[in-house]
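Below is one structure, written out as structure tokens; the observations come after it.
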Amino acid sequence: MPQCDYDLFVIGAGSGGVRASRMAAQFGARVAVAEEYRPGGTCVIRGCIPKKLMAYASHFADDFEDAAAYGWTVDAPRFSWPTLIANKDKEIARLSGIYARIMENAGAELFRSRAVLEDAHTIRLTDEDRTVTAANILVATGGRPHMPDDVPGIEHAVSSNEVFELKQQPRRVVIVGAGYIAVEFAGIFNGLGSDVTILYRGAEILRGFDLDVRATLHEQMAARGISIRCDSDVKAINRTESGLVLTLKHFEEVEADLVLYATGRTPNVEGLGLEKAGVRLNEWGAVKVDSYSRTSVPHIFAVGDVTDRLQLTPIALREGAAVAETLFNGRPTAVDHENVPTAVFSNPPIGTVGLTEEDAIARHGAVDIYKTSFKPLKHTLTGRDERVLMKLVVHPETDRVLGCHMVGQDAPELVQLAGVAIRLRATKADFDSTVAVHPTSAEELVTLREKAQPATAKAAE
Ligand code: NDP
């Protein structure tokens with residue numbers, strides 16, 4: 001084909017798109033990126049970063065309360081929602097600017113426009129009403145909240161997009177769903193003083209996580225006053241004079257000032273022209289890719305949440321980097337999606353890596369379980385009824401640690417290094433021979449001596 005305008009055109013300046021375009025430009029490729037909203041994507045604009053800032057805000061409630069046991073007198077603290085939101089917005093604007101500069105400084109051209117494919121090499125910049133051509137294209141358009149369309153009154157609910165922009169703190173919050181976003185926002189609103197109810201259609205929160213983690217977080221959130229109602233389907237939402245009323249099955253009603261639907265995310269593929277270019281989707285509507293993130297069209301790639309892999313920022317970053325390596329650095333690179341450590345910033349938070357007990361049994365037939373639940377040293381003085389869970393899932397024959405699951409304030413920080421050990425195929429004996437760091441919560445991970453009854457066995461009793 002004739003010379004194209006660009007070697008790589010990236011649609012979407014979120015985590016995956018920015019990483020790919022920066023690296024590709026640094027490798028010498030002629031790169032352009034189109035972003036219709038704000039550079040940074042979900043993670044920076046309405047995801048990980050603002051969420052964690054809000055989680056920090058919510059933790060101060062405990063800190064003020066706990067301080068008294070350590071001799072501090074704290075006059076009645078007051079919280080200002082508008083101040084938090086304004087400061088958060090300032091930081092997000094700063095980060096978004098950094099993302100734009102990262103690309104431009106690397107030599108990538110940034111178009112602030114929506115981009116759609118006209119054919120497999122032609123991209124229309126709709127805001128500029130012109131087309132450009134590219135030898136390779138990367139679709140990195142991310143995802144958006146999925147809101148069920150079969151609930152009358154769903155328009156009264158907000159998603160995780162709008163929840164970051166609320167002008168006022170809601171007094172009564174109902175959250176529908178019990179995945180990552182639901183439990184994280186439950187912790188945030190609860191810490192900031194709102195009444196929080198989780199309505200979940202299943203039997204236990206956080207499907208897919210280890211059973212002990214699910215039960216522990218449920219118990220700890222309930223102890224903090226969050227009402228968790230499992231087996232609850234929302235039939236309708238109505239606005240009344242006293243607020244929003246959710247009607248559940250069996251005609252029960254729950255009142256709220258804010259209804260947050262945290263019911264999963266959908267890939268952003270609509271109107272992108274993917275079909276015109278010949279890019280195939282899978283049965284869930286996500287772009288179908290191979291392990292190199294190549295779509296059904298060999299020179300079109302897709303990374304991040306628009307594909308159906310792990311919806312996590314560091315994964316999108318890896319996938320974006322791998323595309324740049326493959327195309328422009330002579331190093332075809334596939335991303336390994338096994339043993340990815342992850343954290344849920346609930347309160348208390350979760351850190352998890354590797355196989356859950358259930359998955360390990362399904363894969364290996366049997367497992368040895370080592371676990372402990374204890375009150376952290378800090379709370380021996382405060383009396384706070386908070387417990388830490390640490391659990392190792394171990395192969396009974398090879399002694400290899402297959403999974404590490406933790407609930408507790410330091411879990412997200414700890415799981416990063418537990419992830420290294422698990423990737424290095426550490427055995428339980430390796431954990432045991434590592435000297436403890438004292439006094440920490442982490443030391444429990446290397447001092448777990450007694451086998452415990454598997455949670456799956458207990459659940460089956
Ligand atoms: P999740 O997939 O984690 O959870 C979705 C929840 O909504 C589940 O409890 C699910 O129930 C429920 N649900 C789905 N559809 C419906 C429906 N129609 N009616 C009622 N309930 C429904 O999605 P989230 O929205 O919480 O988060 C999206 C993704 O973003 C996560 O999977 C994660 O990968 C990523 N993320 C990561 C974070 C982190 O790394 N800390 C933070 C936030 C998000 P069921 O279990 O029955 O399917």
Side-chain angles (χ1 to χ4, degrees), residues 14-16 41-56 142-154 157-164 174-188 197-209 211 213-214 217-218 221 228-237 246 248-249 259-268 284-286 304-319 337 340-353 356 406-407 411-413 415-416 419:
S15 302
T42 302
C43 170
V44 171
I45 309 296
R46 42 199 178 192
C48 323
I49 302 295
K51 176 272 311 285
K52 190 143 185 212
L53 295 175
M54 291 171 82
Y56 281 133
R144 61 174 192 284
H146 156 77
M147 304 283 273
D149 52 14
D150 56 353
V151 178
I154 188 79
V158 302
S159 73
S160 57
N161 283 350
E162 298 80 30
V163 76
F164 289 109
V174 168
I175 302 177
V176 182
Y180 275 85
I181 295 177
V183 299
E184 291 185 341
F185 272 96
I188 290 169
T197 301
I198 288 182
L199 299 177
Y200 177 48
R201 63 183 179 181
E204 181 56 291
I205 62 170
L206 287 178
R207 184 166 61 83
F209 283 75
L211 277 179
V213 167
R214 298 167 73 183
L217 186 69
H218 186 140
M221 291 204 309
I228 302 175
R229 299 175 63 166
C230 292
D231 193 23
S232 289
D233 280 323
V234 178
K235 293 293 173 208
I237 306 169
L246 294 96
L248 311 185
K249 67 176 177 188
V259 178
L260 168 63
Y261 263 72
T263 45
R265 295 176 60 82
T266 310
N268 272 331
W284 309 109
D305 289 3
V306 77
T307 66
D308 187 17
R309 294 177 284 185
L310 293 172
Q311 296 179 340
L312 298 171
T313 295
I315 291 294
L317 292 170
R318 289 266 162 148
E319 291 167 354
H337 293 89
V340 171
T342 179
V344 184
F345 294 95
S346 45
N347 196 11
I350 294 170
T352 176
V353 58
T356 63
M406 298 176 277
V407 181
E413 301 292 338
V415 78
Q416 184 68 79

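All ligand and atom numbering here is 1-based and tracks the order in the structure. Just the heavy atoms: all of them, side chains too, but no hydrogens, waters or symmetry mates, feed the values below.
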Any nitrogen or oxygen of [X], main chain or side chain, under 3.5 Å from a nitrogen or oxygen of ligand 1?
| X | result |
| --- | --- |
| A343 | yes |
| A262 | yes |
| R265 | no |

Query raised in the report: Sub-3.5 Å donor-acceptor pair from the side chain of T263 to the main-chain atoms of H146, do we have one?
Result: yes
**Report entry** Output field: ring centroids F164/F185 closer than 6.0 Å
**Finding:** yes
Below 4.5 Å, heavy atoms only, C-beta onward: do [X] and [Y] meet side chain to side chain?
| X | Y | answer |
| --- | --- | --- |
| I49 | C43 | yes |
| V151 | Y261 | yes |
| L206 | I350 | yes |
| V213 | T352 | no |
| V183 | Y200 | no |
| V234 | L248 | yes |

Query raised in the report: Hey, is CD on E162 packed in by over 12 heavy atoms from elsewhere, all under 6.0 Å?
Result: yes
Among [options], which residue places a heavy atom closest to [atom]?
| atom | options | result |
| --- | --- | --- |
| atom 48 (O) of ligand 1 | R309, K52, R207 | R207 |
| atom 46 (O) of ligand 1 | F345, Y200, Y261 | Y200 |
| atom 23 (O) of ligand 1 | G264, S346, G179 | G264 |

Checking a contact table here: which protein heavy atom is nearest [atom], and how many Å away?
| atom | result |
| --- | --- |
| atom 29 (C) of ligand 1 | Q311 OE1, 3.0 Å |
| atom 31 (C) of ligand 1 | Y180 CD1, 3.5 Å |
| atom 26 (O) of ligand 1 | I181 N, 2.8 Å |
| atom 12 (C) of ligand 1 | G177 CA, 4.0 Å |
| atom 21 (N) of ligand 1 | T263 CG2, 3.4 Å |
| atom 47 (O) of ligand 1 | R201 NE, 2.9 Å |
| atom 42 (C) of ligand 1 | E184 OE1, 3.2 Å |

Query - Ion pair check, E204 and R214, cut-off under 4.0 Å - result: no
Requested in this report: Would you kindly specify which portion of L312 sits under 4.0 Å from ligand 1, judged on non-hydrogen atoms: side chain, backbone, both or neither?
Outcome: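 The side chain, only.
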Query raised in the report: What part of P145, side chain from CB on, backbone N/CA/C/O, both or neither, has a heavy atom under 4.0 Å from ligand 1?
Result: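 Neither; no heavy atom under 4.0 Å.
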Query - ligand 1 contacted by A178 (non-hydrogen, < 4.0 Å) - result: yes
**Report entry** Spacing of CD1 belonging to I188 relative to CD1 belonging to I181, to within rounding of 0.5 Å
**Finding:**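 Spacing of CD1 (I188) from CD1 (I181) equals 10.5 Å.
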**Report entry** Element-labelled atoms of ligand 1 that are located less than 4.0 Å from some non-hydrogen atom of K51
**Finding:**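 With K51 as reference, the close atoms of ligand 1 come out as 41 (N), 42 (C).
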